[in-house]
Amino acid sequence: EAQGEAGIRHYWTTWNWGQRFVQSMVDCDEPERILAAVQPDLVVFSDCWPISNIAAKHMVIKRNLPYLVVCHSGDLAPGRAFPASLKVVAGQFARAREVVAVAGSSLKVLREHYGLPADKGRVIWNGRPAPYFAPSDPAVSARLRSQLGLPEKSVLYFTAARFDALKGYQYQLEAIQRLFARRRRLPVYFAWASTGHLQEQFQSAINKQRLQGRIRLLGHQGNIADWLGAADAFILTTMLEAMPLSVLEAMAKGTPVIATGVGGIPE
């Protein structure tokens with residue numbers, strides 16, 4: 001709704017790219033339909049993987065349109081899964097007016113593994129909007145902590161990341177198990193704001209370890225900034241990242257961060 005009020009129009013593909021990713025590599029009909037309707041002067045590709053939107057780029061090149069590529073991932077796995085795409089990706093990078101990576105580590109991967117020319121590419125780190133920098137409201141923080149039933153002077157660790165194996169919740173859970181095996185009465189609690197295909201699996205593991213009183217699964221939350229303000233620290237045990245918004249959001253709130261040193265996180 002906000003985008004509509006700002007004059008942003010959406011042209012949707014007729015199939016789900018997440019479920020049918022390979023189609024985004026070979027189906028030229030959909031991008032051609034959209035390009036014909038929009039008649040753009042410039043195309044900006046906001047890609048997840050370096051091999052995203054291959055067919056759409058092909059049609060943009062065919063129309064001789066200028067384009068930019070913003071790549072939000074420095075993941076090696078897609079190129080290994082589709083090695084035949086690497087030469088195509090390198091050629092499309094070479095034709096782009098510019099290629100933007102969201103972290104220096106990602107830019108290095110694009111150059112070393114996806115054929116990005118040495119004379120092209122720059123880093124523009126992700127940013128977050130002003131509300132994340134606003135001071136926390138003590139009343140809101142107290143209300144959120146009260147919802148969890150936390151005792152006074154307790155320590156709350158917060159995580160916001162989808163439930164899948166790459167986000168490393170399994171390592172956080174193992175560390176929590178070890179912590180309470182040694183110091184069961186520590187006033188330490190954890191809140192995980194997430195959804196995903198492993199949610200039930202993690203809830204079952206939490207119940208099995210009798211940690212449901214210590215680890216609360218919050219589901220999807222639209223007020224992440226408030227939760228960051230209510231937490232004493234933010235944890236991200238991810239195995240793969242470029243420049244995670246969640247870490248930037250915690251930093252903007254002034255909430256201490258504990259995170260794995262992967263991808264752009266050290267930057």
Side-chain angles (χ1 to χ4, degrees), residues 16 18-19 21 48-49 73 75-78 80-81 132 136 140-251 253 255-266:
N16 186 308
Q19 296 174 353
F21 176 76
C48 176
W49 287 343
S73 170
D75 191 355
L76 297 176
R80 291 170 177 165
Y132 287 99
S136 300
V140 173
S141 297
R143 175 174 56 80
L144 293 177
R145 294 174 74 98
S146 177
Q147 287 179 10
L148 298 178
L150 302 185
E152 292 187 14
K153 298 183 179 180
S154 58
V155 177
L156 175 62
Y157 292 96
F158 178 68
T159 299
R162 70 183 181 274
F163 280 119
D164 71 33
L166 285 177
K167 294 303 180 182
Y169 279 103
Q170 61 271 29
Y171 304 117
Q172 190 177 162
L173 180 58
E174 181 182 352
I176 294 169
Q177 291 171 1
R178 293 186 181 190
L179 175 67
F180 288 118
R182 298 176 181 179
R183 302 283 299 277
R184 190 72 189 183
R185 296 186 178 182
L186 279 177
V188 176
Y189 298 84
F190 301 83
W192 296 351
S194 178
T195 58
H197 68 283
L198 294 181
Q199 182 172 347
E200 292 185 4
Q201 179 178 322
F202 281 115
Q203 184 65 73
S204 177
I206 291 168
N207 295 342
K208 183 178 180 180
Q209 296 296 325
R210 299 181 180 179
L211 291 171
Q212 58 267 42
R214 297 289 190 162
I215 306 173
R216 310 295 176 79
L217 272 55
L218 306 177
H220 174 75
Q221 296 290 314
N223 57 338
I224 295 298
D226 292 336
W227 278 106
L228 288 168
D232 296 290
F234 178 81
I235 299 178
L236 186 67
T237 49
T238 181
M239 300 165 64
L240 178 69
E241 291 291 335
M243 182 57 69
L245 298 180
S246 59
V247 168
L248 297 175
E249 290 166 357
M251 292 171 65
K253 270 294 179 185
T255 303
V257 174
I258 302 168
T260 42
V262 299
I265 292 177

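One is the number of the first residue; the rest follow in order along the sequence. Since the model is a prediction, treat every value here as computed from it, not as a measurement.
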Chi angles and distances behind the side chain to side chain contact (heavy atoms under 4.5 Å, CB included) call for V257, L236: CA-CA 8 Å; V257 174; L236 186 67; 5.9 Å; no
Student check: side-chain heavy atoms of H197 and D164 closer than 4.5 Å: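 The answer is yes; the side chains approach within 4.5 Å.
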How many angstroms lie between atom [atom1] of [X] and atom [atom2] of [Y], to the nearest 0.5 angstrom?
X	Y	atom1	atom2	answer
L217	Q199	CG	CD	5.5 Å
K167	T159	NZ	OG1	11.5 Å
I265	E241	CD1	CD	5.5 Å
F190	L211	CZ	CG	9.0 Å
S204	Q209	OG	CD	10.0 Å
Q201	Y169	CD	OH	13.5 Å

Would you find a donor on one side and an acceptor on the other, under 3.5 Å apart, between the side chain of [X] and the backbone of [Y]?
X	Y	result
T260	T238	yes
D226	G229	no
T237	G168	yes
T195	H220	no

Please report the shortest heavy-atom distance between [X] and [Y], naming the atom on each side.
X	Y	result
V188	F180	O-CZ, 3.3 Å
Q221	A193	CG-CB, 3.9 Å
L173	I206	CD1-CG1, 4.2 Å
F202	Q170	CE2-N, 3.6 Å
R210	R184	O-NH2, 3.2 Å
K253	A225	CE-O, 3.4 Å

R178/E174 ion pair, N-O < 4.0 Å: yes
Heavy atoms from other residues, nucleotides or ligands near CD of E200 exceed 12 (cutoff 6.0 Å):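 Not more than 12 within 6.0 Å, no.
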Over 12 foreign heavy atoms within 6.0 Å of OH, Y157: no
Set of side chain to side chain donor-acceptor pair (under 3.5 Å) partners for S141, sequence neighbours left out: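 Once residues adjacent in sequence are excluded, S141 has no partner under the side chain to side chain donor-acceptor pair (under 3.5 Å) criterion.
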CA sep, side-chain torsions, deciding dist, call: L218, L148, side chain to side chain contact (heavy atoms under 4.5 Å, CB included): CA-CA 10 Å; L218 306 177; L148 298 178; 3.8 Å; yes
R216 and L156: CA distance, side-chain angles, deciding distance, side chain to side chain contact (heavy atoms under 4.5 Å, CB included) verdict: CA-CA 11 Å; R216 310 295 176 79; L156 175 62; over 6 Å; no
Stepwise side chain to side chain contact (heavy atoms under 4.5 Å, CB included) test for F158 and I224: CA-CA 10 Å; F158 178 68; I224 295 298; 4.0 Å; yes
